[in-house]
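Below: one structure, written as structure tokens.
Residue numbers begin at 1 in each chain, while the letters A, B, ... track the order of the sequences. Side chains included, hydrogens not; waters and symmetry mates left out as well; all remaining heavy atoms used.
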Protein chains: 2
Amino acid sequence: MTYEDAISALADPTRRAIIDRLRAGPAPVGTVADGLPVSRPAVSQHLRVLSDAGLVVMTPRGNHRLYSLAPTGIDSLRHYLDSLWDDALAAFQREAEALAKQKEQKK
Amino acid sequence: MTYEDAISALADPTRRAIIDRLRAGPAPVGTVADGLPVSRPAVSQHLRVLSDAGLVVMTPRGNHRLYSLAPTGIDSLRHYLDSLWDDALAAFQREAEALAKQKEQKK
DNA sequence: TATCTATGTAAGTCATGACTTACGAAGATG
DNA sequence: CATCTTCGTAAGTCATGACTTACATAGATA
């Protein structure tokens with residue numbers, strides 16, 4: 001359930017396709033698999049990974065199981081990226097200033 | 001240079017370690033490799049991937065090459081996650097409302 | 001120019017993980 | 001109770017990619 005789990009979970013294209021399907025709303029495994037070029041067990045395994053990463057939650061509905069997006073895992077990733085973003089921006093600004101000072105000296 | 005490139009680039013632990021090193025400031029390949037348990041060519045290859053993903057930029061400095069964080073690739077990932085976050089939150093709220101209505105009927 | 005430093009690339013090895021089919025379990029339905 | 005639906009898990013296959021060593025190149029330096 002760390003942000004690292006979320007990243008490696010989202011790194012797979014098939015899993016991103018599953019996430020995309022769930023953006024429209026909750027769906028059972030079979031329905032998700034119907035819209036994808038992989039087998040149903042494959043989707044099942046992917047949903048397991050997504051669930052472990054906190055990106056998806058499952059709620060039993062009688063015979064089947066509804067999967068829906070979960071904010072938790074996504075949030076941890078957002079925090080990591082925001083922090084990284086700050087540092088990258090700072091590095092970029094420092095470099096820009098250094099470049100400006102370099103030009104200044106050439107005057 | 002898409003957000004998908006950025007995700008799969010950040011999915012690797014070694015590459016995240018390289019990124020972490022660069023958060024402290026720009027560094028040449030050798031310096032980065034010294035702080036890691038992998039060989040210098042491995043770091044070189046990773047930096048190539050990070051560069052292709054727009055997460056890192058290289059600036060030649062005489063004999064060596066300085067690598068530093070780049071905001072571009074990070075930003076694309078942030079946009080994707082923000083959008084995903086919105087949908088996840090909406091799904092979560094719908095589910096909460098449905099649950100509340102369910103409880104209401106049980107009264 | 002000869003050499004040392006700093007780096008990228010080539011080629012090959014090996015582990016991880018994404019996929020398949022086969023099977024078993026749990027709830028709905030006749 | 002028997003069967004159908006919906007799903008998860010086990011076992012095995014195969015491709016991707018992370019790593020290594022060996023080699024080639026470009027700039028600094030004596």
N/O (side chain, B/S39) to phosphate O (OP1/OP2, D/dC19) under 4.0 Å = no
Touch check for B/P41, heavy atoms < 4.0 angstrom, all strands: base, sugar-phosphate only, or nothing?
-> base
Look at the side-chain N and O atoms of B/Y67 and state whether any lies under 4.0 Å from the OP1 or OP2 oxygen of C/dA6.
-> no
Distance col, row A/L77:CG vs A/D5:CG, nearest 0.5 angstrom, shows 10.0 Å
Which nucleotide sits closest to the side chain of B/N63: D/dC19, D/dC7, C/dA6?
-> C/dA6
Ion pair present between B/R48 and B/D52, side-chain N to carboxylate O less than 4.0 angstrom?
-> yes
Rounded to whole Å, CZ of B/R16 lies from P of D/dA18 at a distance of 12 Å
Euclidean distance, A/L50 CG relative to A/L55 CG, rounded to 0.5 Å | 6.0 Å
Can you tell me the distance, in whole Å, between the CG atom of B/D52 and the P atom of C/dG8?
-> 12 Å
Integer-rounded Å distance: C/dA10 P and B/Q45 CD | 10 Å
For D/dC19, take OP1 and OP2 only and decide whether either is under 4.0 Å from a side-chain N or O of B/T14.
-> yes
Shared hydrophobic cluster, A/L66 / A/L36 (ILVMFWY, side-chain heavy atoms < 4.5 Å) = no
Sub-3.5 Å donor-acceptor pair from the side chain of B/R15 to the main-chain atoms of B/A9, do we have one?
-> yes
Should A/R15 be listed as having a side-chain N or O under 4.0 Å from OP1 or OP2 of C/dA18?
-> yes
Give the rounded distance in Å between these two atoms: NE2 of A/H64 and P of C/dT29.
-> 11 Å
Presence of A/S44 side-chain N/O under 4.0 Å of D/dC7 phosphate oxygens OP1/OP2 | no
Distance, rounded to the nearest Å, where B/D12 contributes CG and C/dG17 contributes P | 11 Å
Most 5' of A/A42 and B/G30 on DNA chain C, judged by nearest nucleotide = B/G30
Between CZ of B/R40 and P of C/dT5 the distance, given in whole Å, is 13 Å
Send over the distance from A/R48 CZ to C/dG17 P, rounded to a whole Å.
-> 14 Å
B/H46 NE2 - C/dT9 P separation (whole Å) = 15 Å
